[in-house]
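Worth saying up front: this structure is predicted, and the values here are computed from it rather than measured.
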Amino acid sequence: MNSPVPAITVRDLTMAYGSFVLQRDLNFTIYEGDIFIIMGGSGCGKSTLLRQMIGLKPPATGSVCYGSANFWELDDEQQASIIRKAGVLYQSGALWSSMTLAENVALPLQHYTDLTPAVIAELVTFKLSLVGLAGFEEFYPAQLSGGMRKRAALARAIAMDPEFLFFDEPSAGLDPISSRNLDQLILELRESLRATVIIVTHELASIYAIATNSVFLDSNSKTMLATGDPKTLLQQESTHPTVLQFLTRGTGKREVCTV
Ligand SMILES: Nc1ncnc2c1ncn2[C@@H]1O[C@H](COP(=O)(O)OP(=O)(O)OP(=O)(O)O)[C@@H](O)[C@H]1O
């Protein structure tokens with residue numbers, strides 16, 4: 001088997017809002033093809049960590065490296081070229097309500113490429129079909145269910161065939177079936193795009209269903225308590241009790257939760 005190739009490496013990262021330190025000494029590696037979960041209790045800094053990875057907020061200290069390049073030491077153009085390789089699905093979905101799904105998905109293609117309108121239209125149809133929304137091109141977001149809106153936002157996030165896909169709480173607001181379908185879709189997209197996927201979530205069923213790697217942030221100690229495949233962390237004797245509490249929903253029983 002080939003050894004895993006590092007895609008994103010976080011080193012000695014400290015995150016802060018002003019003098020309020022959220023997390024310090026974060027060290028972990030995300031490998032190509034990982035489905036990497038950022039997990040931890042409410043308010044520990046998961047979304048903030050995501051923002052530091054996608055160029056929205058610089059770290060107080062430390063580095064976020066894509067390959068060997070420290071993102072926060074690159075110039076604007078170099079940063080933009082990395083950001084172009086990333087698709088992001090925000091918690092709210094954040095579609096433009098005054099635009100059809102086709103217009104929403106076309107936006108990044110119009111903004112970042114010189115493709116003709118005809119090619120863009122074909123790509124939009126293809127991306128919508130990948131997320132199970134073929135035929136919904138002319139619908140407006142308000143005409144869709146929450147799950148469909150999320151999938152439409154995902155179609156926009158994958159418009160540029162991203163190497164990295166970031167999700168902030170993708171299951172928020174979804175019923176269990178839609179949530180499971182979204183997990184399946186994430187697995188399929190990882191395969192078809194050959195993407196590396198980074199997800200903020202505390203949905204245990206999703207974590208066990210799709211994760212290959214993770215980091216656990218703790219708000220009490222203000223640092224990470226574990227990194228690795230959550231199923232392995234669940235079984236390991238050395239796993240920190242706080243992580244075990246999280247992974248077992250407080251029961252302490254080392255069973256994989258699938259619902
Ligand atoms: N722009 C900001 N300015 C100041 N403090 C902030 C800002 N954004 C977040 N915080 C604070 O940082 C802490 C962590 O927020 P963050 O959203 O990263 O946590 P989280 O783990 O994603 O939380 P949750 O699981 O509840 O979504 C919270 O205490 C929050 O109030």
Colleague: What residue among Leu247, Asp218, Asn220 forms side chain to side chain contact (heavy atoms under 4.5 Å, CB included) with Thr242?
Modeller: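 Of the listed options, the one satisfying the test is Asp218.
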Colleague: Sequence neighbours left out, what passes side chain to side chain donor-acceptor pair (under 3.5 Å) with Ser47? Give chain and number order.
Modeller: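 Ser47: side chain to side chain donor-acceptor pair (under 3.5 Å) contacts with Asp168.
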Colleague: Nearest 0.5 Å, what's the CG-CE distance between Leu123 and Met160?
Modeller: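 Between atom CG of Leu123 and atom CE of Met160 there are 10.0 Å.
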Colleague: Both conditions, 6.0 Å and 45 degrees, for the charged tip of Lys150 above the ring of Phe167: are they met here?
Modeller: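 Output no; distance or angle outside limits.
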Colleague: Is there a path of hydrophobic side-chain contacts, each under 4.5 Å between heavy atoms of I/L/V/M/F/W/Y residues, joining Ile30 to Val5?
Modeller: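 Hydrophobic grouping puts Val5 apart from Ile30.
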Colleague: For Lys46, what residues pass the salt bridge (Lys or Arg N to Asp or Glu O under 4.0 Å) criterion, not counting sequence neighbours?
Modeller: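 Counting only residues at least two positions away or on another chain, Lys46 forms no salt bridge (Lys or Arg N to Asp or Glu O under 4.0 Å).
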Colleague: Check whether Thr239 reaches the backbone of Leu233 with its side chain - one donor and one acceptor, N or O, closer than 3.5 Å.
Modeller: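 A pair under 3.5 Å: yes.
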Colleague: Hey, is the main chain of Phe71 close enough, under 3.5 Å, to the side chain of Gln79 for a donor-acceptor pair?
Modeller: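 Between the backbone of Phe71 and the side chain of Gln79 there is a qualifying donor-acceptor contact (under 3.5 Å).
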Colleague: Does Glu103 offer a backbone N or O that forms a donor-acceptor pair with the side chain of Trp96 under 3.5 Å?
Modeller: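 No, the answer is negative, given that no donor and acceptor are paired below the 3.5 Å cut-off.
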Colleague: Run the side chain to side chain donor-acceptor pair (under 3.5 Å) test against Asn181 and tell me which residues pass, sequence neighbours left out.
Modeller: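 With sequence neighbours excluded, Asn181 shows a side chain to side chain donor-acceptor pair (under 3.5 Å) to no residue whatsoever.
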Colleague: Got a donor-acceptor contact below 3.5 angstrom from the Arg149 side chain to the Pro141 backbone?
Modeller: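 Yes: the side chain of Arg149 pairs with the backbone of Pro141.
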Colleague: Mark yes or no for whether Lys57, through its side chain, and Ala16, through its backbone, hold a donor-acceptor pair below 3.5 Å.
Modeller: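 Side chain of Lys57 to backbone of Ala16, a donor-acceptor pair under 3.5 Å: yes, one is there.
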Colleague: Salt-bridged, Asp161 to Arg194, with N to O below 4.0 Å?
Modeller: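 Result for this pair is no, no salt bridge flagged.
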Colleague: Lys222 side chain to Val21 main-chain N or O, any donor-acceptor pair under 3.5 Å?
Modeller: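 At least one qualifying donor-acceptor pair exists.
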Colleague: Can any side-chain N or O of Asn213 pair as donor or acceptor with the backbone N or O of Phe36 at less than 3.5 Å?
Modeller: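 No.
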